[in-house]
Amino acid sequence: MRFGLTEDQGLFGRSLRGFLADRLPLDALRRLAETGTGFDAELWRGLGELGLHGLLVPEEHGGAGLGMLDAALAAEALGYHAAPAPFAAALVMAVQAFRSAGDAEQQRQWLPRIAQGQARIGLGFAGLAGQTGRAALRLEGGRLSGALDGLMDGGEATHFLAYLPDGRAALIEAGAPGVTATLRRSVDRTRALVDLDLAGAAPVALLQSSNDPLAAARRVRDAGRVMLAADTLGAAQNMLDRAVAYAKERVQFGRVIGSFQGVKYMCADMATMLEPCRAMVWYAAYAQDAVPEEAAMVAAHAKAHLAEVGREVARLATEVHGGMGFTDLLGLHHQFKRITFDRQVLGGPERCRHDAAVAQGWVAA
Amino acid sequence: MDLTLTPKHRALREEVDAFIAAHRGAAPRPGGGRKRPDRKALDWQALLLEHGYFARTIPREYGGFGAPHDVIELAIIADAFSRAGISPGIHNQGISMLVPTLLEVGTEEQKRRWIGPTIRGETIWCQGYSEPGSGSDLAAAQTRAVVEDGHFVINGQKIWTSSAHFADMMFLLCRTEPDKSKHAGLSYLLLPMSAPGIEVRPLRTMTGRAEFNETFFTDVRVPVDQIVMGRGDGWHVANVTLKYERMLLGDPNKLQQRLEAIRRMMEQPGADGARLLDRAEWRDRLLRLQGEVIAARNHNMRLLTETAEGVDSGLGRFIVKYHGTMLAHRLASLALDVMGSTGLLYEPQGEVAEDDPATTWQIDYMYDIGLIIGGGSSNIQKNIIGERGLGLPREPKAAVPAGRN
């Protein structure tokens, strides 16, 4: 027994971070962020070559069959570099959705397409996760109507997986009749939100094979929450690393500013808050696969706690940079906004903590 | 990551739960490290040692249980006791600081002589570190020991010696090599508090009690072999002890115990019949702290694994004391708020008898600030985190005004 990463996992994280550092120097990131779609075909292809598309897809369906902790390491790397790439919804939650509520035929049909990077699925969860926005969908006579706001990874999605209030999920094609997808650029230009308006759209698949559709939906929500926590961990770590590096080189009053206790203590406070979050994210991810009785509780707590710590680190790291931190020139704001985004989707911290209380039986849902 | 419980682990969990169910009537309340263990605490300690729920990995020849290091086993045991809200055994400076120090750098003779009686709670230790003129600047210690006919002869003064008034022994940091540089002139001695020439004066604190003391040394004689490592190695040994002290002060199991105690209070109906746990604003305060305690516990598991694998956790370890003591204080703060005005009733029972819960929480709430300061204050911790953990440069030395040094 051990609480830590395997050698392979360490290697995987490092190689992904190396790839992203190479592909996303600041000028490239700035250019990609202009569209606000959260997607770039070339980056997407490169991530596919590293095996990211099929990370969680079982080997029998053409994926790598890895676990939620591996996915969290990927999310952390993507957050670290503020990568404009669909991941949490398209490559984690969607796979989880098919695996927990898709029938054998649906899995056989769709999981290989996800693993090959052909199906990029935006996913909407609004009401069930406590996300704000419209969440009024109904399925009548096999047709889907109504509105669903704030879909994740929807920028250049080929499909949308829309959750119904009862926990079933309908997969619809992006360009199908009756589907209006409005791209909403978010403050985080590396990820967009999509609002869906449906008027009698015909789903290409209805995921309803679970005996308990709401429980299955919650597992998808929890997987997404862990990914957002990991994304914030990466983004905040990036901001801390850069603040420390800046504090070692910036000179004022004839001294590097990192020798001033005022600045040093800001860095120490960030490290003190953030360092325990790493183990927390590891455990929350691991629990999704291995500790089902704790999975919902620790996912909710990780999401909420990282949101709180992320917000503090985002402010302090910007402050350490002084006026430069506030400029576009350094590009620190990409991670700042990443953290801002992660906090609100799939439920803010208050909602997540409430879900943690429910998961422990402290209070009724 | 592999936290799978083997059949052996599952059996251990059942065994510990059964043990607790069978013996919980004999258990003292958690905490109590500020008092000399009474008969009940000593008997409980003996029972825990016998079953391997305390000092589990300390070799048998030194009085431990001699089990191989297994992080999950330790976690299972700690979790069972904190869930049940009963004492996991005695945690004092001898057990949590001196014993691991001796295990790391002591001689075979020192291990055989001191570890057994210390972990049984029979030998109580106090720590002779701080002086009036060297608090945060610990290496500036001026208490001196000179060698005369096979003995160290000690003169000087220590302060903040918690437990000195009931301790049997002291581990002492003093200057034995005055000609050497500040850090290289120190030695780490072990001496009985009954030695002639030691005077202990209680130092009353804000809790109304005297948990600390001033300790004065006048020609106190200690045989020269009562030294850990060699002359001039005191700073190294002191830092080994500080490493364990800081882990003790940030102990996440204590945090978990507190969290559970607060949750139980919030589950009790108040005078109006309502439970605070049912009210969103109270529940959210508890949940926020629960999230932080989970992070601290996960982090601790990571550190335990790294230690078992011989990895120096560096930054991960440096943050523990600062993080843990601040979180402990916030937990005590919530406990006071939950109790409200009934929690203001304050009747400390002195050195031996158990305090009532309200008094205990009030003491914890105040004493926690002492823990935030002691063992290297939070600001010292932030220096360590910034300089040793993050590689930031040291503060340049400012000139000392004439006449002060």
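Note on naming: letters A, B, ... go to the chains in the order of the sequence lines (proteins, then strands), and numbering restarts at 1 for each one.
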Participant: Identify whether the distance between the nearest side-chain nitrogen and carboxylate oxygen of A/Arg351 and A/Asp355 falls below 4.0 Å.
Facilitator: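 Salt bridge between A/Arg351 and A/Asp355, a charged N being under 4.0 Å from a carboxylate O: yes.
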Participant: For the side chain of B/Arg246 and the backbone of B/Gly375, is there at least one donor-acceptor N/O pair under 3.5 Å apart?
Facilitator: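 Yes, B/Arg246 side chain to B/Gly375 backbone: donor-acceptor pair under 3.5 Å.
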Participant: Could you tell me whether the side chain of B/Arg56 and the main chain of B/Gly52 form a donor-acceptor pair under 3.5 Å?
Facilitator: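 Judged by distance alone, yes, a pair lies under 3.5 Å.
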Participant: Using a 4.5 angstrom heavy-atom cutoff, name the option from A/Cys267, A/Pro349, A/Ala285 with the most pairs to chain B.
Facilitator: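 Of the options given, most contacts go to A/Cys267.
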Participant: Counting only non-hydrogen atoms closer than 4.5 Å, does A/Ala290 touch chain B with its backbone (N, CA, C, O), its side chain (CB onward), both, or neither?
Facilitator: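 For A/Ala290, there is no contact with chain B at all, as no heavy atom is under 4.5 Å.
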Participant: Looking at B/Arg394, I want to see if its CZ is surrounded by more than 12 non-hydrogen atoms of other residues, nucleotides or ligands under 6.0 Å.
Facilitator: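 No.
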Participant: Measuring heavy-atom distances to chain B, does A/Tyr286 have an atom under 4.5 Å in its side chain, in its backbone, in both, or in neither?
Facilitator: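 Side chain of A/Tyr286 only, per the 4.5 Å heavy-atom cut-off to chain B.
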Participant: I'd like to verify something: which residue of A/His305, A/Met266, A/Arg278 has the highest number of heavy-atom pairs under 4.5 Å with chain B?
Facilitator: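 Answer, by heavy-atom pair count under 4.5 Å with chain B: A/His305.
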Participant: B/Asn300 versus chain A, heavy atoms under 4.5 Å apart: side chain, backbone, both or neither?
Facilitator: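 Neither part.
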Participant: With chain B, which of A/Ala279, A/Pro276, A/Ala304, A/Gly258 has the greatest number of heavy-atom pairs at distances under 4.5 Å?
Facilitator: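 Option with the top pair count is A/Pro276.
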Participant: Given a strict heavy-atom distance threshold of 4.5 Å, which part of B/Leu286 is in contact with chain A: side chain, backbone, both, or neither?
Facilitator: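 It is the side chain, since no backbone atom gets that close.
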Participant: Is it the case that atom CD in A/Glu7 sees more than 12 heavy atoms from other parts of the structure closer than 6.0 Å?
Facilitator: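 At most 12 heavy atoms, drawn from other residues, nucleotides or ligands, come within 6.0 Å of this atom.
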Participant: Keeping A/Arg2 on the side-chain end and B/Asp2 on the backbone end, is there a donor-acceptor pair under 3.5 Å?
Facilitator: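 No, the answer is negative, given that no donor and acceptor are paired below the 3.5 Å cut-off.
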Participant: Give, as side chain, backbone, both or neither, the part of B/Arg297 having an atom under 4.5 angstrom from any heavy atom of chain A.
Facilitator: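 No part of B/Arg297 comes within 4.5 Å of chain A.
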Participant: Under 4.5 Å, counting heavy-atom pairs only, tell me which of B/Ile384, B/Leu5, B/Thr6, B/Asn379 racks up the most with chain A.
Facilitator: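 Most heavy-atom pairs under 4.5 Å with chain A: B/Asn379.
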Participant: Quick check on B/Arg302 against chain A: is it the side chain, the backbone, both or neither that has a heavy atom closer than 4.5 Å?
Facilitator: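 When you check distances to chain A, atoms from both the backbone and side chain of B/Arg302 fall under 4.5 Å.
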Participant: Name the region of A/Val363, side chain, backbone, both or neither, that has any atom closer than 4.5 Å to a heavy atom of chain B.
Facilitator: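 Contact with chain B: side chain only.
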Participant: Below 4.5 Å from any heavy atom of chain A, which atoms of B/Glu306 appear? Answer side chain, backbone, both or neither.
Facilitator: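 Neither the backbone nor the side chain of B/Glu306 comes within 4.5 Å of chain A.
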Participant: Please rank B/Ile294, B/Asn383, B/Asp278, B/Leu315 by heavy-atom pairs under 4.5 Å with chain A and give me the top one.
Facilitator: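 Sorted descending by pairs with chain A, the first entry is B/Asn383.
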Participant: Is a side-chain N or O of B/Lys321 found less than 3.5 angstrom from the main chain of B/Gln381, in a donor-acceptor match?
Facilitator: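 No; zero donor-acceptor contacts below 3.5 Å.
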Participant: What heavy-atom pair brings B/Leu287 and A/His354 nearest, and what distance separates the two atoms?
Facilitator: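 So the minimum-distance heavy-atom pair works out to CD1-N, 4.4 Å.
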Participant: Keeping A/Asp342 on the side-chain end and A/Thr232 on the backbone end, is there a donor-acceptor pair under 3.5 Å?
Facilitator: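 Such a contact is found between A/Asp342 side chain and A/Thr232 backbone.
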Participant: Please rank B/Met266, B/Arg275, B/Glu267, B/Glu292 by heavy-atom pairs under 4.5 Å with chain A and give me the top one.
Facilitator: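 Looking at each of B/Met266, B/Arg275, B/Glu267, B/Glu292 in turn, B/Glu292 comes out on top.
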